[in-house]
Amino acid sequence: MKLGSLKEGGRDGTLVVVSRDLTKAVRATGIAPTLQRALEDWSNLAPRLNALSDALNEGSADGVFDLDIRNLAAPMPRAYEFVDGSAYLPHVERVRRARGAEVPESFYVDPLMYQAVSAGFLGPRDPVKVVSEDYGIDLEAEVVIVTDDVPMAVTREAAAAHIQLVGLVNDVSLRNLIPGELAKGFGFVQSKPRSTLSPVFVTLDELGDDWRGNKLHLPMLSHVNGEWFGAPEAGVDMQFDFAQLVAHVAKTRPLSAGTIVGSGTVANEDTSLGASCFAELRTVETLRDGKPSTPFMSFGDSVRIEVLDRDGNSIFGAIEQRIERQDP
């Protein structure tokens with residue numbers, strides 16, 4: 001099934017079940033008012049949501065309406081926790097090589113992760129507002145999963161059963177603010193504004209064989225200003241799968257239902273498949289030419305991020321947004 005949230009009903013939106021072709025929806029408030037509430041009682045409520053999804057797709061559900069993506073908030077307008085990884089080591093290796101640094105051996109056995117902003121997510125058509133272009137505005141196209149309640153010290157094998165939903169995120173980064181923050185040795189704050197989630201999250205069965213090994217095996221397609229930007233394969237070169245990432249986060253603490261875990265920027269060894277962020281493209285240019293030639297994003301630029309199934313249909317819907325100036 002595919003689940004989304006309307007921009008109504010308060011800060012957590014109103015839960016809707018969305019048709020497989022993303023054209024119709026039905027409110028699911030008789031089952032759960034929000035996606036967060038559904039995840040908190042997932043074992044009981046998921047079968048009911050699935051039944052509603054079947055009725056919607058078969059044309060027998062009551063209260064069906066035409067879906068306008070502009071009316072959707074993020075599937076989870078806010079979450080108790082969002083942790084983001086950097087599971088695609090080709091990206092990490094290239095970035096470090098461009099600045100003459102080696103990749104520590106620990107990076108190959110211990111995931112890179114950080115605590116991200118979860119107090120609010122932008123909807124799939126909401127603009128990205130930034131005070132200054134000097135901050136180095138960058139997109140980051142990633143896969144995310146959502147868990148139910150995860151016990152502390154869960155094993156990798158057991159963690160896989162706690163992955164309930166899959167979606168996409170544009171994990172916006174302000175690249176020119178990152179070096180100064182990381183130099184303090186205490187992580188991101190100002191350089192990581194709110195991220196954008198795909199129109200819908202989907203259950204694993206919607207992905208069929210394209211979800212295996214706890215990874216999504218489809219290209220991550222990005223366009224900037226209508227031009228192809230990249231389509232790296234999400235299931236290739238991912239050093240740590242999502243079960244490993246969940247187990248890593250839960251090593252010393254339980255995770256609440258509704259925890260969002262990100263893959264990090266999708267990147268492949270094969271650079272001909274393009275990039276999922278400008279930092280990646282600029283690194284490739286630096287390694288090839290000695291310096292980057294592509295600037296970061298400007299006000300008025302547009303981004304489109306989506307994943308298509310084998311028949312060319314959008315699975316999660318597209319993130320489509322513009323970069324806009326935010327007055328101080």
Side-chain angles (χ1 to χ4, degrees), residues 74 77-79 82-86 88 91-92 94-96 98-99 101 112-142 144 168-198 220 222-227 229-230 232 260 262-267 274-287 289-305 318-328:
R78 56 181 176 174
F82 174 27
V83 285
D84 200 15
S86 188
Y88 294 89
H91 173 69
V92 177
R94 276 194 287 268
V95 169
R96 294 182 74 88
R99 66 172 191 255
L112 287 168
M113 301 194 79
Y114 74 96
Q115 198 82 34
V117 177
S118 64
F121 292 94
L122 301 177
R125 298 293 185 271
D126 293 343
V128 176
K129 294 191 175 183
V130 182
V131 171
S132 173
E133 291 176 346
D134 294 338
Y135 291 168
I137 308 164
D138 200 357
L139 67 104
E140 285 194 63
E142 306 181 15
V144 294
L168 308 179
V169 66
N170 179 11
D171 180 43
V172 181
S173 290
L174 303 178
R175 297 293 184 184
N176 294 339
L177 300 184
I178 289 176
E181 288 205 303
L182 293 187
K184 297 177 182 179
F186 220 54
F188 302 118
V189 179
Q190 295 175 341
S191 51
K192 283 291 185 178
R194 289 186 172 183
S195 298
T196 307
L197 297 177
S198 52
M220 176 67 75
S222 299
H223 289 80
V224 176
N225 296 328
E227 298 292 328
F229 189 75
I260 298 173
S263 66
T265 306
V266 178
S276 294
C277 68
F278 278 86
E280 169 79 6
L281 175 59
R282 286 165 59 88
T283 296
V284 171
E285 291 170 344
T286 298
L287 291 171
D289 307 323
K291 63 179 181 180
S293 54
T294 302
F296 289 116
M297 301 188 76
S298 302
F299 297 134
D301 284 350
S302 62
V303 173
R304 181 183 175 96
I305 298 168
I319 295 172
E320 291 186 68
Q321 50 190 168
R322 285 169 52 87
I323 310 299
E324 295 184 2
R325 183 191 301 274
Q326 171 67 57
D327 293 331

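Residue numbers run from 1 in the order of the sequence given.
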Minimum heavy-atom distance between Val92 and Ser86, given as atom pair plus value: CG2-OG, 3.3 Å
query: Under the criterion side chain to side chain contact (heavy atoms under 4.5 Å, CB included), which of Leu287, Thr286, Val284, Leu281 is the partner of Pro292?
result: Thr286
message: Taking side chain to side chain donor-acceptor pair (under 3.5 Å) as the cut-off, I'd like each qualifying pair that reaches into residues 119-131, sequence neighbours left out, listed once.
response: Lys7-Asp126, Arg125-Glu320
- prompt: side chain to side chain contact (heavy atoms under 4.5 Å, CB included) between Phe278 and Ile137: does it pass, once the steps are laid out?
  reply: CA-CA 9 Å; Phe278 278 86; Ile137 308 164; over 6 Å; no
- prompt: Under the salt bridge (Lys or Arg N to Asp or Glu O under 4.0 Å) test, which residues partner Asp301, sequence neighbours left out?
  reply: none
- line: One should read off an interatomic distance between Ser191 OG and Tyr135 OH, to the nearest 0.5 angstrom, of 11.5 Å
Closest contact, heavy atoms only, Arg282 versus Thr294: NH1-O, 2.7 Å
- prompt: How would you list, by chain and number, every residue that makes a ring-ring contact (aromatic ring centres under 6.0 Å, His included) with Phe296, sequence neighbours excluded?
  reply: none
- request: Answer yes if the side chains of Thr196 and Gln321 hold a donor-acceptor pair under 3.5 Å, and no otherwise.
  value: yes
- line: In this structure, OG of Ser222 is separated from CD of Glu227 (nearest 0.5 Å) by 13.5 Å
- prompt: Taking all non-hydrogen atoms of both residues, which atom of Ala141 and which atom of Leu139 are closest, and how far apart?
  reply: N-CD1, 3.9 Å
- prompt: Is there a donor-acceptor contact under 3.5 Å from the side chain of Ser263 to the main chain of Glu142?
  reply: no
- request: Report yes if some heavy atom in the side chain of Val128 is under 4.5 Å from a heavy atom in the side chain of Met297; otherwise report no.
  value: no
task: Examine distances only and state if a side-chain atom of Arg304 and a backbone atom of Gly226 form a donor-acceptor pair shorter than 3.5 Å.
output: no
field: Expected output: side-chain Asp138 to main-chain Cys277 donor-acceptor under 3.5 Å
entry: no
- request: Might you point out which heavy atoms bring Tyr88 and Thr265 nearest each other, and give the distance in Å?
  value: CD1-O, 3.2 Å
- request: Taking Arg322 for its side chain and Gly300 for its backbone only, find out whether a donor-acceptor pair lies under 3.5 Å.
  value: yes
Pair Ser195-Asp171, side-chain donor/acceptor within less than 3.5 Å: yes
message: Quick check: do Val130 and Gln326 have side-chain heavy atoms less than 4.5 Å from each other?
response: no
- prompt: With Glu140, which residues qualify under salt bridge (Lys or Arg N to Asp or Glu O under 4.0 Å), at least two apart?
  reply: Arg175, Lys192
statement: Residue set satisfying side-chain hydrogen bond (donor to acceptor under 3.5 Å, both in side chains) with Thr283, at least two apart, ordered chain then number -> none
message: Any side-chain to backbone donor/acceptor pair from Glu280 onto Ala267? Under 3.5 Å, distance only.
response: no
message: Going by side chain to side chain contact (heavy atoms under 4.5 Å, CB included), name the residues that satisfy it together with Ala74, two or more places apart in sequence or in a different chain.
response: Phe121, Leu197
